[in-house]
Number of protein chains: 2
Amino acid sequence: MSMQTKRLKVLEQPCCAPGAPPLRPEIAEGLARRFKALSDPTRVAIVNRLAGADEVCVCDFTLRLQLSQPTVSHHLRVLREAGLIEVSRKRGTWVFYRLVPEAVEQLAFALGGAPTPEGVLATAERTVAW
Amino acid sequence: MSMQTKRLKVLEQPCCAPGAPPLRPEIAEGLARRFKALSDPTRVAIVNRLAGADEVCVCDFTLRLQLSQPTVSHHLRVLREAGLIEVSRKRGTWVFYRLVPEAVEQLAFALGGAPTPEGVLATAERTVAW
DNA sequence: CGTTTGCATCGACATTTATCAATGTATCAG
DNA sequence: CTGATACATTGATAAATGTCGATGCAAACG
């Protein structure tokens, strides 16, 4: 057993979909902390970009996003400390980040989303009937 | 055709699950705005309570939450303006709020959660295998 | 009518947050 | 070793946010 024990600190129960059971305060706090990591458009864009690739170089973000390099670094830190992303690799002076799919899944599950079969996909043909 | 045309302003595509397509900036902003509504423990607790009942009186929140009445009213306003909750009924001086399930589903879907068949349930036996 | 009750709004305040310039720190190229 | 590059950290600042007391307002009660 290599040190690969997956730690899942918080929240494995739905909270916000109809029928959800009452939440203990600390669970609500943990959820709020993760939602806060996604409460900024730049960070949503970062997560979205990471969702479309295996890993992305920080330099990619500093190029695309119209923000200073420290600001980008700040947003990456917030997402990292929320457990939504992690450093996947360092090559020379480059740093690559990747998504932590389990963390995103937990949030989706908390919101009542059924666990996706493969954790992948969910294409756009669910363009909603309304 | 009664006035029941459902308006779904924003975001009907996944954003943050592996394989998600690139997001237009305004979509990322709309998502961030809704996540921000859930970025506070009190508001998560409110949504959670609303998820467990058809409707809940404001007086119920002011009693349970350890906060002043104006503060509770503030949080309800934030959630309401985010489209996550709405006033369901007014009886005398009482005001009742209810969840807007479609709004929560949208967020779950954006995070890669498969659309729940009935919009209900998602029990706790998905206590994760880890 | 006046009073009470439940909730919203306003004004004030302390804390947090997003942002940038400046600086620190590895890593690579010469 | 020297310089350059990529990223992180620090410090500062303006804006946003959570909180509360005071006030406003509409509905019910007497």
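Note that this is a predicted model, so its numbers are computed, not measured. A note on names: the letters A, B, ... follow the listed sequences, proteins ahead of strands, and every chain is numbered from 1.
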Discussion item. So if I apply the side-chain hydrogen bond (donor to acceptor under 3.5 Å, both in side chains) rule between B:Tyr97 and each of B:Arg49, B:Arg80, B:Glu86, which one comes out positive?
Written reply: B:Arg80
Figure out the [atom1]/[atom2] separation between [X] and [N], and round it to whole Å.
{"X": "B:Phe35", "N": "D:dA16", "atom1": "CZ", "atom2": "C1'", "answer": "20 Å"}
{"X": "A:Arg89", "N": "D:dC7", "atom1": "CZ", "atom2": "C1'", "answer": "15 Å"}
{"X": "B:Glu29", "N": "C:dA18", "atom1": "CD", "atom2": "C1'", "answer": "14 Å"}
{"X": "A:Ile46", "N": "D:dC7", "atom1": "CD1", "atom2": "P", "answer": "12 Å"}

Taking the side chain as everything from C-beta on, heavy atoms only, tell me whether [X] gets closer than 4.5 Å to [Y].
{"X": "B:Leu38", "Y": "A:Leu38", "value": "no"}
{"X": "B:Val72", "Y": "B:Leu76", "value": "yes"}
{"X": "B:Leu79", "Y": "B:His75", "value": "no"}

Discussion item. Please confirm whether the shortest side-chain N or O distance from A:Lys90 to OP1 or OP2 of D:dA6 is below 4.0 Å.
Written reply: no
Worksheet item: Can you find a side chain N or O atom of B:Arg77 that sits less than 4.0 Å from OP1 or OP2 on C:dT9?
Response: yes
Could you state whether [X] and [Y] fall into the same hydrophobic cluster, counting links through intermediate Ile, Leu, Val, Met, Phe, Trp or Tyr residues with side-chain heavy atoms under 4.5 angstrom apart?
{"X": "A:Leu65", "Y": "A:Leu84", "answer": "yes"}
{"X": "A:Phe61", "Y": "A:Ile85", "answer": "yes"}
{"X": "B:Leu50", "Y": "B:Phe96", "answer": "no"}
{"X": "A:Leu111", "Y": "B:Val78", "answer": "no"}

Worksheet item: So how far off straight is the helix from C:dC1-D:dG30 to C:dG30-D:dC1, going by the axes through five pairs at either end, to 10°?
Response: 20°
Discussion item. Using a 4.0 Å heavy-atom cut-off, does A:Tyr97 contact any base of the nucleic acid, only the sugar-phosphate backbone, or nothing at all?
Written reply: sugar-phosphate
Worksheet item: Given D:dA6, C:dA8, D:dT9, which nucleotide is nearest the side-chain atoms of A:Trp94?
Response: D:dA6
Worksheet item: Any idea which of C:dA8, D:dA8, D:dT17 is nearest the A:Leu76 side chain?
Response: D:dA8
Practice prompt. Please test B:Leu31 against A:Asn48 for side chain to side chain contact (heavy atoms under 4.5 Å, CB included), starting from the C-alpha separation and ending with a verdict.
Written response: CA-CA 11 Å; B:Leu31 275 172; A:Asn48 172 245; over 6 Å; no
Worksheet item: Where along residues 49-63 of chain B does a heavy atom fall under 4.0 Å from DNA chain D?
Response: none
Worksheet item: When you check every protein heavy atom under 4.0 Å of nucleotides 19-29 of chain D, what one-letter string (B, S, -) results, 5' to 3'?
Response: BBBB----BS-
Worksheet item: Around A:Arg89, counting heavy atoms of other residues, nucleotides and ligands shown, do more than 12 lie under 6.0 Å from its CZ?
Response: yes
Fill in: Under 3.5 Å donor-acceptor, B:Ser73 side chain and B:Pro70 backbone
no
